Amino acid sequence: MTVFHIVLLVLLIVCAVAACTSKKLINSVVIFMSFSLVMCIIWFLLESPDLAITEAAVGAGVTSILFFLVLRKIDALNVYIEDEENDDNNENNLAKGEEKGHE
Amino acid sequence: MSKLKENYKDSFSQKFSDFMTGDLEVPDEVHPRKKQAKNNKVIQADEFFSEFTDADDIKRRELYQAFRNRKFMEWINRAYNIISVVVAITIICVLLFTVSFLPAFGDKDNPANNEVSERYIEDGLDETGAVNIVAGMILDYRAFDTFGESNVLFIACCCVLILLRNDDDEPLPDEDVVDFRRDIILEKAAKFLVPVILVFGIYVVLNGHLSPGGGFSGGAIMGAALILFACAYGFERMERIFSYKTFRRITFGALLFYGLAKSYSFFTGANHIESIIPLGTPGAILSSGLILYLNICVGLVVACTMYGFYTLFKRGRI
Amino acid sequence: MDFLRNMPFFCIILSMVSAVIISIMSDRVARVFSLCVIGAVSVMSAITFFYVAGVDQSYTYYMGHFPAPWGNEIRVGILEALTATIFSIVMFASVLGGMKRVFIDVAPKKRNLYYIMVDLLLAALLAMIYTNDLFTGYVFIEIMTISACALIMSRDNGHCLVSAMKYMIMSLIGSGLILFGLSMLYDLTGHLLMSNIKEVIAYNVANGRYELPLTITIGLLCVGIAIKSALFPFHSWLPDAYGYSTATSSALLSSLISKGYIFLLIKIMYRVIGMDVIVSTKIGNVFFVFGVIGMIAGSVRAIAQTDVRRMIAYSSVAQIGYIYMGMGLGTELGMMAAIFHIFAHASAKSMMFIAADGLSYVSNDSKEFRDLSGSAIKNPIAGATFTVGACSMIGIPMLAGFISKVCFADAAINAPTVKLVIVMLALAFSTLLNAVYFMRAIISIYRPVRDEDKGVMHKANPLFIVACIIFVALNVFLGTHAQPIIDFIFEGIDMFA
Amino acid sequence: MLKEIFSHLMTNYYETAAVIIFGIGFTTLLLNKNLIKKIIGFNLMDNAIYLFLASKGYIESRKAPIVVNGVRDMEAYINPIPAGLVLTGIVVSVSVTAIMLALTVKLYRRYHTLDIDEIAIISKKGGI
């Protein structure tokens, strides 16, 4: 049984790392949504079903909707974040992102 | 004597007296002429901001780039990244080192399993009437925390109202009209899904004290049902059932009932007066005293807040 | 169980329920209702103070039907009631004084939301002062953080939004660390009630169990609260947050919110972990060092400011350094000096923010020194209040600041010699720096007005005058009748443990 | 010494995972300048602390604290207190996330960028 716990925890850590290092904003939001779902399963394994339902409904549900709405609102659905070195690449993306938004 | 010199302007005494009287000559480009408040009207942020054309943005970005690209700034950024990684790693190592000294995970005689949790489990059913001990603990033993908790949600909703709500007289943002295209698939799916989700949410709220769930999770599920309905059928039909007025009334009514009911039980508890609320038979729906009604109030507050977040983010008006 | 014991409970519940009621009121009614609630709370807190001073021992009040470790509980002592009274008086005067500015700055539809935040801030402050349960303290820390952030961002200009975001990021790191420390404390002791935790910790320390996790937990809690109350290395969010928000918000933020966190830290030191364990872990020296550096650095930065509100903000970084230096001395005298300085700084700082707002109101809303010159002649009430506040901060006798500086010196004499020398030097140097920038401000606002704009004397609105009178009265009262308050603080500290 | 520490870490593997995720969230917060990434970092930190707190209440081979057919002795159920605390915490982190996202939208409408350093510099120099 503890193997299942450990596998889920490793998956949790992988999701956390992926959510932070992914380049596109929408990727990190989707991975963060999967992070909440894995967290919901872990609550269930830790024998606290209250937390499982709340995390599923509130964490994965509403938080992700808000993230997507914000990305939609600021036309950043396709923004590509480079590292700090080549900032100019980031500029035209932002600019490109903006044009697409205003069409 | 110094006044006679022709360049007494930059003599030490003049500079000192300027400093003392705050008359420091401030070069103009450090403080560009600030936009004067037109006839002292509170400038709506977006209206003030709309005068900046795209040219201003690009000019401003050069200003930022010039500032960033100086050699000095590059060095600072690299140093900042290194220092922050080092700080984070030391924090993780220190915490991991402490975790190895903490009591073992999951064994019976941890300090946390003492007489406090024993009473919750053994007398929980008799004292609060709630089969779900966690719900009984939240809404009866430690009710003051949960009252603070629903106030956190209420205050978060007020914050988002302050930030994102534009006035009623302003025309609807254009993307609201453009955005909503009748999507048959979503509508047909919502026609089936919304009632199911709503019934499930109501079930979770009503059975909060019997099965896992309760006010927070049930309210979030009901909020999700409202969001799906607004998504599928657009805001006009939603406006008929759920306008800003009903939003304010529901939140006000639920939180006021919660506050008054809980202050009654705090007052009777503190002054050792026997409270007249019956506990009922365990296992029945109308059983555990106030917990059912408090669950309903918290469920309503959470549902309205979640829906309120969605509409405020989507179109700036509930 | 006579009726007077319910007063603190009534204060907390009244301010929470009034915040809910305000949500359906219009902004004019909300303003008056919120003021009445704050006035009622300050009267009730005064009644609690006199009741507890009379009974002369602290009592616990069950929030609910179940005794302490199971249900929530608040504990009322002399120190808590005194702090609650002074904080609610300062809040009443700040809200009264800054009311006109709120109706200019905040958009028409959002004024009643502003007063919801003020009331919930009062509720969170009272609950944090009275609570005897750590997790209740954490929930009300969250309410205070969010309402403070709302107070900053309610004025809709660019600077406020940026400083609100910075404030939010720093505070959330702080409350994350506090919750981490709290959950480790729960794991080590199994309790959330403050007095029970203390027994288990004393037992653990006695036979050497869990030595390292306890020190790490104390470190986490202290760093978390230091971040939230803007101690020296973590004060970067403070000048923007206080400098750009409306007058009432910066008055409330500077005088009440950072002090609420410091009061919770004092409670944690005395009632959760025990003063002897704190002294043995030497965390006091860390506070002492950062406090002294904060005093000097805050004052130096304040001199370089050309904007009067940012100057006052930097000076409050220095004053928070004073308080942490007092706590770092480790002796009871040092703690007493720190607590008295909490009261002195709370009353003087909010007075200066409100007065600075009155001055800038007269010189067409500009906060730069250049434009404020001669504004005290146009608005004499605001000028007088600003001068009294500045003199109290410098430490002119007959005012609160002077008494707290005397207490600091008195505490330093009984402290070990190394600390004695450092405190004396730091006190002297920082008072000199205070004098430089406050005198400059007073000189510039009283400079003779150039003849062409010898405008008519500005008649301040009556509410502003009442607020200034309350502030000056509170400051002079603290300055002249300090001895009874110091005795009450000593009694409160003994009763605190 | 190192072996013993490592074996201890293996026994409380939940707390170890929680601390690692806390570290990841904290690093994200420090390194990324994009506001959305910072908010995701905050959520990671908060979820890690709740995992740390909830794993305190778990006891081997015991069931969830719901009284089933009258069994009421303490040996059958886990410790309910951390579950209650974490429920409160989850709702706090949702509200805080909503506020920070609303701030991000307002800042983007005004400054057209998500980079907090750029915003701070422009607001200081640009004066808006």
Side-chain angles (χ1 to χ4, degrees), chain A residues 1-2 5-6 8-22 25-26 28-29 31-32 35-36 38-39 42-55 57-59 61-64 66-67 69-76 79 81 83-84 87 90-91 94-95 98, chain D residues 10 13-14 16-18 20-25 27-29 31-37 39-41 43-44 47-48 50-51 54-55 57-66 77-78 80 82-84 86-87 89-91 93-94 97-98 100-102 104-105 107-109 112-115:
Chain A
M1 190 53 187
T2 59
H5 288 266
I6 291 176
L8 273 179
L9 284 176
V10 166
L11 183 58
L12 207 62
I13 293 173
V14 163
C15 280
V17 170
C20 306
T21 52
S22 71
L25 276 180
I26 194 162
S28 55
V29 168
I31 295 170
F32 178 67
F35 175 89
S36 305
V38 173
M39 186 62 107
I42 286 180
W43 292 142
F44 189 74
L45 282 178
L46 278 175
E47 292 294 336
S48 45
D50 277 76
L51 299 183
I53 298 180
T54 312
E55 175 73 25
V58 166
V62 177
T63 320
S64 313
L66 293 186
F67 269 113
L69 264 178
V70 167
L71 292 183
R72 169 80 184 77
K73 258 313 199 204
I74 52 179
D75 308 327
V79 158
I81 300 174
D83 300 342
E84 280 71 19
D87 232 0
N90 183 11
E91 291 331 315
L94 260 185
E98 263 168 325
Chain D
M10 271 310 113
Y13 51 90
Y14 261 98
T16 330
I20 291 171
I21 298 173
F22 180 84
I24 294 170
T27 329
T28 331
L29 192 66
L31 286 187
N32 292 73
K33 288 204 278 294
N34 188 321
L35 277 174
I36 304 279
K37 281 287 176 69
I39 297 173
I40 289 181
N43 271 323
L44 287 180
N47 274 328
Y50 302 142
L51 180 64
S55 64
Y58 180 75
I59 300 166
E60 287 296 333
S61 69
R62 290 193 182 180
K63 287 288 161 285
I66 294 169
Y77 302 112
I78 67 164
V86 170
L87 196 66
I90 288 178
V91 175
S93 56
V94 166
T97 313
M100 290 188 75
L101 286 174
T104 315
V105 168
L107 284 174
Y108 187 85
R109 271 197 206 142
H112 278 270
T113 170
L114 285 175
D115 178 335

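We name chains A, B, ... by the order of the sequence lines, and we start the count at 1 in each one. Since we're looking at a predicted model, the values are computed, not measured.
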Q) Looking at A:I42, A:L69, A:L51, A:D50, which makes the most heavy-atom pairs under 4.5 Å with chain D? A) A:L51
Q) Would a 4.5 Å heavy-atom cut-off, applied to side chains only, mark D:I36 and A:V70 as touching? A) yes
Q. Side chains of D:L114 and A:L25: closer than 4.5 Å at any heavy-atom pair?
A. yes
Q) Is A:F44 atom CZ crowded by more than 12 heavy atoms from other residues, nucleotides or ligands, each under 6.0 Å away? A) no
**Q.** Residue part contacting chain D, namely of A:V29, when any heavy atom lies under 4.5 Å
**A.** both
Q: Measure the spacing between CD of A:E47 and CZ of D:R62 and express it to the nearest 0.5 Å.
A: 11.5 Å
Q.
I'd like to check A:F67 versus D:I40 (side-chain heavy atoms, cut-off strictly below 4.5 Å). Are they in contact?
A. yes
Q. So which of D:L101, D:L87, D:T97 has the biggest tally of heavy-atom pairs under 4.5 Å with chain A?
A. D:L101
Q. Which atoms of D:V94 come close to chain A, meaning under 4.5 Å heavy atom to heavy atom: side chain ones, backbone ones, both, or neither?
A. side chain
**Q.** Distance in Å, A:T21 OG1 paired with D:L31 CG, rounded so as to fall on 0.5 Å steps
**A.** 11.5 Å
Q: Please flag which part of D:Y77 lies under 4.5 Å from any non-hydrogen atom of chain A: side chain, backbone, both or neither.
A: neither
(Q) Is any side-chain heavy atom of A:C20 closer than 4.5 Å to one of D:L44? (A) yes
Q) At what distance, to the nearest 0.5 angstrom, does OH of D:Y50 lie from CD of A:E55? A) 10.0 Å
Q) Can you tell me how far the CG atom of A:L45 sits from the OG atom of D:S55, to the nearest 0.5 Å? A) 13.0 Å
Q: Assign the ring pair A:H5 / D:Y58 to parallel, tilted or perpendicular, where the plane angle (0 to 90°) is split at 30° and 60°.
A: tilted
Q | Toward chain A, the part of D:I21 with a non-hydrogen atom under 4.5 Å | A | side chain
Q | Verdict with reasoning, D:V86 to A:W43, per side chain to side chain contact (heavy atoms under 4.5 Å, CB included) | A | CA-CA 10 Å; D:V86 170; A:W43 292 142; 4.1 Å; yes
Q.
To the nearest 0.5 Å, what is the distance between CD1 on A:I6 and OH on D:Y14?
A. 9.0 Å
Q. Who wins among D:N47, D:T16, D:T28, D:I39 for the most heavy-atom pairs under 4.5 Å with chain A?
A. D:N47
(Q) As an exercise: rank A:T63, A:L66, A:V17, A:L46 by heavy-atom pairs under 4.5 Å with chain D and give me the winner. (A) A:L46
Q: Decide yes or no for D:L51 and A:L12: does some side-chain heavy atom of the first lie under 4.5 Å from some side-chain heavy atom of the second?
A: yes
Q | chain A interface, residue from D:T27, D:T104, D:N43, D:I20 that has the most non-hydrogen pairs under 4.5 Å | A | D:N43
